[in-house]
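What you see is a predicted model, and the numbers here were worked out from it, not measured in a lab.
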Amino acid sequence: MKKFLFLVLIFSGLNYSFGQTLKFSVDNLDDSSVVLISLSGEKFSVIRSIDTKSKGKFEFDLDNNHPGIYRLGFSNNKSIDFIYDDEEVEIETDALNILGSIKVIQSESNKIYYNFIKLNKDYKTKSELLQLILARYPSDDDFYQTTKEELIQIQEEYLYFVNSTAQANPNSFIARYVRSSQLPVIDPETELVKQLVYLKSHALDNINFYDAELIYSDVFTNKSIEYLSYYRNPQLPLEQLEKEFESAIDSILNKAKVNEVVYKHIVEYLLDGFKKFDFDNVINYIVENYVIKDELCLDSQLTSTLERRIEQSKYFKPGITVPDINLSDEAGKLISLKDIRADRTLIIFYASWCPHCKDLLPKIYELYKKQTHKNFEVLAVSIDTMQTEWKRFVETNNLAWINVNDPIGWDGKSSGDYKIFATPTMFLVDKEFKLISKPTEFEELTKLL
């Protein structure tokens, strides 16, 4: 008896996930094979292919798999997303309207999941419309009061589902997913102009950043992009918009730091997202203030594209002596950075095909020409692999400063030494070739000079 109690105590502390049977029936589907995928934000990993002799009908077991959102991928980019929550699952649908015809035969978690998806969509649409009416309608009108009561009722129904219906098993994956995924509910009395302030202050309140298992869903990625949208203003100039995004990033990541797994998951998502939209300054901000400072080990696939950016931020700090550059000018003469005699030298890595370079270099040259006393020199390093294109660019823009070219381009020694990941990239150094700054914009350079 004592041995039995001892074994109970030992094994009760372990969290085993036993295999459960999952059944899917999809009408009007010709596929006899589907792919089972595990989701993590916008990333996914293929678990295995599942074959069947009966088209559109699939039955399989998940052994020792973590709870989370999974996907069955069909042909023609069709798929079913579902919750695996350590329970039997049986789902029927139609390939012609998968989400609209979903019928959950077995699995309380999936019943809650699909109801939540629909409820979220309806709540967002209705509440936003009603808030707009309240913001513009006279408050002493009967219709205003009717609208307000309608909004309150919708909010109460939404919160009841989130806090009660979905919490029948509060420790289940779906219960935790709903709690963290819920949309913010704003008091109907809050003025429209103050609603954005409220969202910036409270939209992250319900997210459980401690729950690492939620990375196997879209919680953290969806909530991050939702929160960033509160800071997005297309009317702002790019530099100010980037500052707004940086402020939002600080709010998200400082909360996410409570769990290293969640923190890394969100950092990778933000880096990948801002990379797609060419927000280089925001990427630099994340790299310098979070990746390097907290020594995050990023996903190898993401790191390969960011490696030089990270290395440049790590090593090119003010005060370091920059590497020498030895390249040929237009006449074929070898030029060395260390042979330049100037109080300050601006090193610019650029390419003739780079749109931003075409705009920036002529502006810098105008600044260069206006020097009453020659306070700074410019070493313009082209990474064009075709020298004819480089020489044409120099001639067209009348760039009468020190021009050199690395015909190997991105893979050249100088590009590697300076960890060049984008053009244009600037380094301002003093007469001893110690780094003063890495200006990113013309206005910043103007102030430095």
| message | Could you walk me through whether Lys78 and Asp31 satisfy the salt bridge (charged side-chain N to carboxylate O under 4.0 Å, His left out) test, starting with their C-alpha distance in whole Å, then the side-chain angles of each, then the deciding distance to 0.1 Å, before giving a yes or no? | response | CA-CA 11 Å; Lys78 291 184 176 180; Asp31 299 15; over 6 Å; no

| request: Apply salt bridge (charged side-chain N to carboxylate O under 4.0 Å, His left out) to the pair Glu226 and Lys223, showing each step before the final yes or no. | output: CA-CA 5 Å; Glu226 175 190 298; Lys223 299 307 283 186; 3.1 Å; yes

| Do Ile207 and Arg179 come within less than 4.5 Å of each other through their side chains, counting heavy atoms only? | no

| task | Report yes or no: do Thr52 and Ser32 form a side-chain donor-acceptor pair below 3.5 Å? | result | no

| request: Using the ring-ring contact (aromatic ring centres under 6.0 Å, His included) rule, pick out the option among Tyr231, Phe279, Tyr230 that qualifies with Phe245. | output: Phe279

| task | Enter the distance from Asn259:CG to Asp211:CG here, rounded to the nearest 0.5 Å. | result | 8.5 Å

| In this structure, are over 12 heavy atoms from other groups packed under 6.0 Å from Lys447 atom NZ? | no

| query | Does Arg71 come within less than 4.0 Å of Asp81, counting only side-chain N to carboxylate O? | reply | yes

| message | Both conditions, 6.0 Å and 45 degrees, for the charged tip of Lys57 above the ring of Phe24: are they met here? | response | no

| message | Could you check whether Glu311 pairs with Lys314 (Lys NZ or Arg NE/NH1/NH2 to Asp/Glu carboxylate O, under 4.0 Å)? | response | no

| message | Measuring only between side-chain heavy atoms, which start at C-beta, is Lys103 closer than 4.5 Å to Ile91? | response | no

| request: Verify whether one side chain among Glu157 and Gln153 offers a donor that lies under 3.5 Å from an acceptor in the other. | output: yes

| task | Would you check if there is a donor-acceptor pair between the side chains of Asp250 and Asn254 at a distance under 3.5 Å? | result | no

| said: Using side-chain hydrogen bond (donor to acceptor under 3.5 Å, both in side chains), reason through Gln131 and Ser127 one step at a time and then give a plain yes or no. | reply: CA-CA 6 Å; Gln131 288 280 14; Ser127 62; over 6 Å; no

| Would you call Glu239-Lys243 a salt bridge at under 4.0 Å N-O? | no

| message | For Asp218 and Tyr177, which I'm curious about, is there any donor-acceptor pair between the side chains at under 3.5 Å? | response | yes

| query | Salt bridge or not for Glu366 and Lys363, using N-O below 4.0 Å? | reply | no

| field | From Lys194 atom NZ to Leu196 atom CG, the distance as rounded to the nearest 0.5 Å | value | 13.5 Å

| CD1 of Ile320 to CZ of Phe427: how many Å apart, nearest 0.5 Å? | 8.5 Å

| query | What's the verdict on salt bridge (charged side-chain N to carboxylate O under 4.0 Å, His left out) for Arg392 and Glu389, showing C-alpha distance, side-chain angles and the deciding distance? | reply | CA-CA 5 Å; Arg392 185 181 296 118; Glu389 296 297 322; 2.9 Å; yes

| message | So which atom in Pro184 and which in Ala203 form the shortest heavy-atom distance, rounded to 0.1 Å? | response | CG-CB, 4.3 Å

| Side chains of Asp122 and Tyr158, donor plus acceptor under 3.5 Å | no

| task | Examine the side chains of Tyr263 and Asp294 and answer whether a donor and an acceptor come within less than 3.5 Å of each other. | result | yes

| said: With a 4.5 Å cut-off on side-chain heavy atoms, are Leu214 and Val262 touching? | reply: no

| said: Are Tyr216 and Tyr70, when compared by the centres of their aromatic rings, separated by less than 6.0 Å? | reply: no

| task | Assess the side chains of Asp94 and Ser101: does a donor N or O sit below 3.5 Å from an acceptor N or O? | result | no

| request: Decide whether Arg309 and Asn284 meet the rule of one side-chain donor and one side-chain acceptor closer than 3.5 Å. | output: yes

| query | Do the ring centers of Tyr269 and Phe220 come within less than 6.0 Å of each other? | reply | no

| query | Is it the case that Glu444 and Thr440 place a side-chain donor and acceptor less than 3.5 Å from each other? | reply | yes

| query | Is it the case that Ser180 and Asn208 place a side-chain donor and acceptor less than 3.5 Å from each other? | reply | no

| task | Locate the shortest heavy-atom distance separating Val258 from Lys255; write the atom from each residue and the value. | result | CG2-O, 3.4 Å

| said: Do Glu87 and Ser107 pair up side chain to side chain, a donor and an acceptor below 3.5 Å, judged on atom types alone? | reply: yes

| message | Which label fits Phe349 and Tyr418: parallel for a plane angle under 30°, tilted from 30 to 60°, or perpendicular past 60°? | response | tilted

| query | Are Lys23 and Glu88 within salt-bridge range, i.e. N to O under 4.0 Å? | reply | no

